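Quick caveat: nothing in here was measured; it's all calculated off a predicted structure.
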Amino acid sequence: MRRIIVSLVASIVVVTLSGGSGFSQTPPTPAAPKSAAERRQALEEREAQRRMKTLEADKKLADAVAATKAKRAACNQEAKQQGLSLLKHRGFVKDCTKR
């Protein structure tokens with residue numbers, strides 16, 4: 001019985017000193033840029049990608065605003081041609097832009 005306890009304690013000490021269980025291995029970490037120049041270049045690339053996404057989003061927004069303005073102008077012109085009163089004119093333009 002004493003030999004079993006001693007062998008268990010010895011195996012626990014060996015496992016503890018060897019860095020833990022052989023089953024719990026940490027996954028390899030991705031290689032980080034080593035030099036300051038590589039880190040700076042990686043940062044500049046991320047910034048360039050962020051700027052491109054921002055420019056694309058701004059362009060989409062500007063296109064949507066321009067389309068809305070054009071649609072509103074066309075609806076406004078149509079309401080003028082129909083000779084609607086002020087309140088009917090406003091309601092017509094509002095309904096027309098939703099279509």
Side-chain angles (χ1 to χ4, degrees):
M1 182 75 173
R2 191 171 192 174
R3 278 193 243 170
I4 295 173
I5 294 174
V6 170
S7 65
L8 284 174
V9 170
S11 63
I12 291 172
V13 169
V14 168
V15 168
T16 305
L17 292 176
S18 68
S21 170
F23 298 111
S24 62
Q25 296 178 353
T26 58
T29 57
K34 296 176 182 140
S35 69
E38 289 174 345
R39 288 193 305 268
R40 184 174 38 255
Q41 183 180 7
L43 178 64
E44 288 172 356
E45 288 173 1
R46 285 193 304 269
E47 285 295 317
Q49 289 174 353
R50 185 188 61 78
R51 273 187 252 116
M52 289 300 293
K53 285 181 181 179
T54 303
L55 289 174
E56 290 171 4
D58 288 347
K59 182 166 176 20
K60 280 184 180 179
L61 181 62
D63 291 344
V65 168
T68 302
K69 279 186 174 183
K71 175 76 172 174
R72 187 167 181 85
C75 291
N76 207 3
Q77 185 67 29
E78 188 177 340
K80 282 183 182 179
Q81 287 175 353
Q82 291 182 9
L84 298 173
S85 66
L86 180 65
L87 292 177
K88 288 185 180 182
H89 178 98
R90 185 172 175 264
F92 177 82
V93 171
K94 184 176 179 182
D95 290 341
C96 179
T97 54
K98 287 184 181 179
R99 290 186 246 149

Undergrad: Test: side chain to side chain donor-acceptor pair (under 3.5 Å). Region: residues 79-99. Which pairs qualify, not counting sequence neighbours?
TA: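 Found Asn76-His89.
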Undergrad: Using side-chain contact (heavy atoms from CB on, under 4.5 Å) as the criterion, point out the one residue from Arg46, Arg40, Arg39 that pairs with Leu43.
TA: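 Only one option passes, and that is Arg46.
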Undergrad: Given a cutoff of under 4.5 Å between side-chain heavy atoms of I, L, V, M, F, W and Y, with clusters grown through shared members, what are the other residues clustered with Leu84?
TA: Phe92
Undergrad: Taking Arg50 first and then Glu47, would you say they form a salt bridge - that is, a charged N and a carboxylate O separated by under 4.0 Å?
TA: yes
Undergrad: As an exercise, state the distance from CD of Glu38 to CD of Gln41, rounded to the nearest 0.5 Å.
TA: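 Output value for this atom pair is 7.5 Å.
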